[in-house]
Amino acid sequence: MAFKSLDDLLAEGVDGRHVLVRSDFNVPLDDDGNITDPGRINASLPTIEALVEGGAKVILSAHLGRPKGEVNEKYSLAPVAEALSEALGQFVALAGDVTGEDAHERANGLSEGDVMLIENVRFDPRETSKDEAERAEFAAELAALAADDGAFVSDGFGVVHRAQASVYDVAKLLPAYAGKLVQSELEVLSTVAQNPEHPYVVVLGGAKVSDKLGVIEALADKADKVIIGGGMCYTMLAAQGYNVQKSLLQEDQLDDCKSLLERFGDKLVLPVDLVAASEFAADADNKVVELDGIPEGWMSLDIGPKSVEAFAEVLASSKTVFWNGPMGVFEMEAFAQGTAGVAQAIIDATANNGSFTVVGGGDSAASVRTLGLDEAGFSHISTGGGASLEFLEGKTLPGVEVLES
Ligand code: ADP
Ligand code: MG
């Protein structure tokens, strides 16, 4: 990968220079605005600490949630500023705007080793605009925060697959470098993408099939087995003729699922039993059922114990595993067993079979921590879901490509 890294920037010297960093602080919040999983904040610290150490004036930018181009207090980065202050052991001021007067004043007022955060870049509609000129205009405002001798460090791995102003366009306006997180993620994922040791098992779950059909297709070629659970498996099961009742179903994807089953049938591993629920609720009635046994009007919210066993058997002999997407609605205790069981099977494969195991995806990574599993039990936990999937599919990541030019 031919791009400049943070080490190159540090070697050039950052003392007294403004360095704009795009980080990934898109952390999950509870209803009271508390951060429920700080994984992404922790993953961003090495780059920030190295810049502080070097005497840079650090300006952090990031998005949180989907404020859709409008200022919305609910998506303020205030909880992130607080968590960062604590983690870094130094005050991280949050600007009252994104690229407005307050952000500029604060950026101008930084001393060597200071760190500030601008507000959620998605408060500005130009951040994600399809119109290149609009994005360029916003990127110019971001770059201006870093003044004349500034630099840009791209460290938000979770967003490098997006051609957005703070990720992509701004990298054309300032000397640009890959941060430590982006660099280490790409190193690990390159191993899986280019040289996976076989058997290579891909485990896919999560919410939407349409997002991941392309992934199944691209990875089924390279992998020996593709295990499918989570909300995405019901369209597959429906394509096999099962009545999935009120489970997540994407009717418009049925034909594509059928053709995937025809082409890759022997590689695809689907659940053999399910946990059905009377409604989408933590306290819903629930029971383990066969594939054709979802009671009328119920829905499946998890894979069953026999499925966990079957999946675990495939995983036990793996030498490489990539897992994206929970097996069920793990946020509710009654439907967390499938995800916990599969995660444990991946941890076991790592320990007992020397399998190289990678977890990608915001919710998947969060599930490992919230279910109390040992993060260190996996070879690597990626901070980027979409980005890691697209990389493994062999797509180019705009936010990385722009660093290479
Ligand atoms: P990731 O962030 O790891 O890429 P996704 O965002 O694709 O994963 O999907 C995560 C979500 O999928 C979780 O919030 C989980 O509750 C949901 N999910 C998993 N299984 C089901 C199911 N059977 N029905 C509804 N939602 C599900
Ligand atoms: Mg997600």
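Note that the numbering runs from 1 along the sequence shown for the chain. Order of listing sets the numbers, starting from 1, for every ligand and every atom in it.
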Next item on the list: Assess the side chains of Arg22 and Ser166: does a donor N or O sit below 3.5 Å from an acceptor N or O?
Entry: yes

Item checked: Side-chain donor-acceptor pair present, Asn120, His63, cut-off under 3.5 Å -> no

Margin query: Salt bridge or not between Asp102 and Arg106? Use side-chain N to carboxylate O under 4.0 Å.
Written below: yes

Check: If you measure only the distance, is there a donor-acceptor pair under 3.5 Å linking the side chains of Ser367 and Thr339?
Finding: no

Checklist line | Donor-acceptor side-chain pairing of Ser382 and Glu185 below 3.5 angstrom | finding: yes

Checklist line | Under-4.0 Å salt bridge between Arg122 and Glu70 | finding: no

Next item on the list: Please list, in chain and residue-number order, the protein N/O/S atoms closer than 2.8 Å to the Mg ion (ligand 2).
Entry: Asp363 OD2

Note to self: Hydrogens and angles aside, do Ser364 and Asn324 bring a side-chain donor and acceptor to less than 3.5 Å of each other?
What the structure shows: no

Notebook entry, point to check: Heavy atoms only: which of Ala207, Pro326, Gly361 is nearest to atom 8 (O) of ligand 1?
Noted result: Pro326

Item checked: ligand 1 to Asp302 polar contact by distance, N or O atoms, under 3.5 Å -> no

Note to self: What protein heavy atom lies closest to atom 4 (O) of ligand 1? Include the residue and the distance to one decimal.
What the structure shows: Asn324 ND2, 3.2 Å

Check: Of Glu331, Lys246, Met327, Met332, which has the heavy atom at the shortest distance from atom 14 (O) of ligand 1?
Finding: Glu331

Checklist line | Option of least heavy-atom distance to atom 25 (C) of ligand 1 (set: Leu204, Ile303, Val329) | finding: Val329

Notebook entry, point to check: For Gly385, is the nearest heavy atom under 4.0 Å from an atom of ligand 1?
Noted result: no

Check: Of the listed options (Gly328, Ala365, Ser300, Gly230), which comes nearest to atom 18 (N) of ligand 1 when hydrogens are ignored and any heavy atom counts?
Finding: Gly328

Next item on the list: Considering heavy atoms of the protein only, find what lies nearest to atom 3 (O) of ligand 1 and give residue, atom and distance to 0.1 Å.
Entry: Ser364 OG, 2.5 Å

Notebook entry, point to check: From Gln90 CD over to Ile48 CD1, what is the distance, rounded to the nearest 0.5 angstrom?
Noted result: 9.5 Å

Notebook entry, point to check: Side chains of Leu60 and Phe25: does their closest heavy-atom pair fall under 4.5 Å?
Noted result: yes

Checklist line | Interfacing atoms of ligand 1 (cut-off 4.0 Å, heavy-atom, Leu301) | finding: 23 (N), 24 (N)

Notebook entry, point to check: Considering only the protein, which heavy-atom contact is closest to atom 7 (O) of ligand 1, and what is its distance?
Noted result: Lys212 NZ, 2.9 Å

Item checked: Short side-chain donor-acceptor distance under 3.5 Å, Glu12 and Tyr177 -> yes

Next item on the list: Determine, using heavy atoms of Met299 and all atoms of ligand 1, whether some pair is separated by less than 4.0 Å.
Entry: no

Notebook entry, point to check: Under a 4.0 Å heavy-atom limit, does Phe335 contact ligand 1 with its side chain, its backbone, both, or neither?
Noted result: neither

Next item on the list: Write out the residue and atom name of the closest protein heavy atom to atom 21 (C) of ligand 1, then the distance separating them to 0.1 Å.
Entry: Gly231 N, 3.4 Å

Check: With backbone taken as N, CA, C and O and side chain as the heavy atoms from C-beta onward, which portion of Leu248 lies under 4.0 Å from ligand 1: side chain, backbone, both, or neither?
Finding: side chain

Check: To which protein heavy atom is atom 5 (P) of ligand 1 closest, and what is the distance rounded to 0.1 Å?
Finding: Asp363 OD2, 3.8 Å

Checklist line | Presence of salt bridge, Lys306 and Glu290, under 4.0 angstrom | finding: yes

Checklist line | Side-chain H-bond candidate by donor/acceptor type, Asp30 with Thr36, under 3.5 Å | finding: no

Notebook entry, point to check: Quick one: do the Thr357 and Thr350 side chains pair a donor with an acceptor below 3.5 Å?
Noted result: yes

